[in-house]
Amino acid sequence: MRRGHMRRGVVLGAVVVVGALSMAVARPQAQPPGPKVIDIEKLKDNLYILTSSTPGNPATFSGGNVAVFVTDGGVVLVDTKLAGWGQALLDKVKTVTSKPITTIINTHTHGDHTGNNGFFGATVDSITHENTAANMAKMDAFKSDNTKFLPKKTFKDRMSIGSGKDRIDLYYFGAGHTNGDAFIVFPALRVMHAGDMFAWKDAPLYDRNNGGSGVAHPQTFAKLLAGIKGVDTVIPGHIPVTTWKELEEYQRFTSDLLAAVQGAIKEGKNVGDAVASIDLTPKYKGYRSERVKAAVEAIYAELKP
Ligand SMILES: [Zn+2]
């Protein structure tokens, strides 16, 4: 009986997560009419960021941070924001270059990072991790007629495209936010796009329906920190550009969060008491706790105490 209840709790939790994610994707339709404005920032040389990426205000939230890398052969986009923002995105890119968009790299499957793959058409080259390609194939945006917008190339552990100053390295180290999060490095500029593996300074969103894992996240991060050298600037999924040092701090945060949840489970706490007892903000200055509840619940569901 108790077991049945728990299972129902887990299933309901999953439904809530799916609901929240599909709401985030469906939001643009509920937007008040008005110009869709995306801001652009020059980061270094031929690399720009399309911002307006903070969730919360549906009128201004355009989806995750997009990297715009202008190469000799054309423009490479890392992520494509929410559906409906494609023209605003393209207009902003045109303010810094007349070159065409030739390549899309998606950090992961979510609609606020893949929403305009279709807008840029099936002729654009598109690359993502193999698990993300499989996750995207389950999305309505990539079904029936739209299967042609699915990524054309996938990679498993590592892939490089371009050469010299235009080289881009793609890495995969394991599950975390989903099971297909890629890290995109621009080695000549010492910059990395971390996607939603480092979305914000708050607990991560663990999308268990797409293979996300709060248990794996700290280990995946540790592999990343050991496996990538020569980066000092990090583009997070949703907050302003930050540093490799802050990424290292985020690894410790995810590790402490997991340890706190495991500790609560060991003490026999239920998930509600665990949520109430976990506060990492005294140790992590500038961090928020708005997403701790959802993350703790996801880790509880994963560990099934
Ligand atoms: Zn995401």
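Both counts, for ligands and for their atoms, begin at 1 and track the order of listing. One is the number of the first residue; the rest follow in order along the sequence. Computed from a predicted structure; not experimentally measured.
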Inset, instruction - Considering just N/O/S atoms, say which atom of D196 is closest to the Zn ion (ligand 1). - result: OD2

Legend entry - Atom nearest to the Zn ion (ligand 1) - H110, N, O or S atoms considered: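 Checking each N, O and S atom of H110, the shortest distance to the Zn ion (ligand 1) belongs to ND1.
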
Inset, instruction - State, with a plain yes or no, whether a side-chain heavy atom of F61 is found less than 4.5 Å away from one of W85. - result: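 Not in contact.
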
Inset, instruction - Hey, could you give me each pair passing salt bridge (charged side-chain N to carboxylate O under 4.0 Å, His left out) that has a residue in residues 260-276? Not counting sequence neighbours. - result: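 Passing the test, one end in residues 260-276: E267-K269.
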
Inset, instruction - Examine all N, O or S atoms of H108, backbone included, and report whether one is under 2.8 Å from the Zn ion (ligand 1). - result: yes

Inset, instruction - Look at D207 and state whether any of its N, O or S atoms is less than 2.8 Å from the Zn ion (ligand 1). - result: no

Inset, instruction - Could you pull out all residues at least two apart from F186 that satisfy ring pair (Phe, Tyr, Trp, His ring centres under 6.0 Å)? - result: F69

Inset, instruction - Could you tell me whether R291 sits above the aromatic face of W200, with NZ or CZ closer than 6.0 angstrom to the six-membered ring centre and within 45 degrees of the axis? - result: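 Yes; both conditions hold, so R291 lies above the ring face of W200.
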
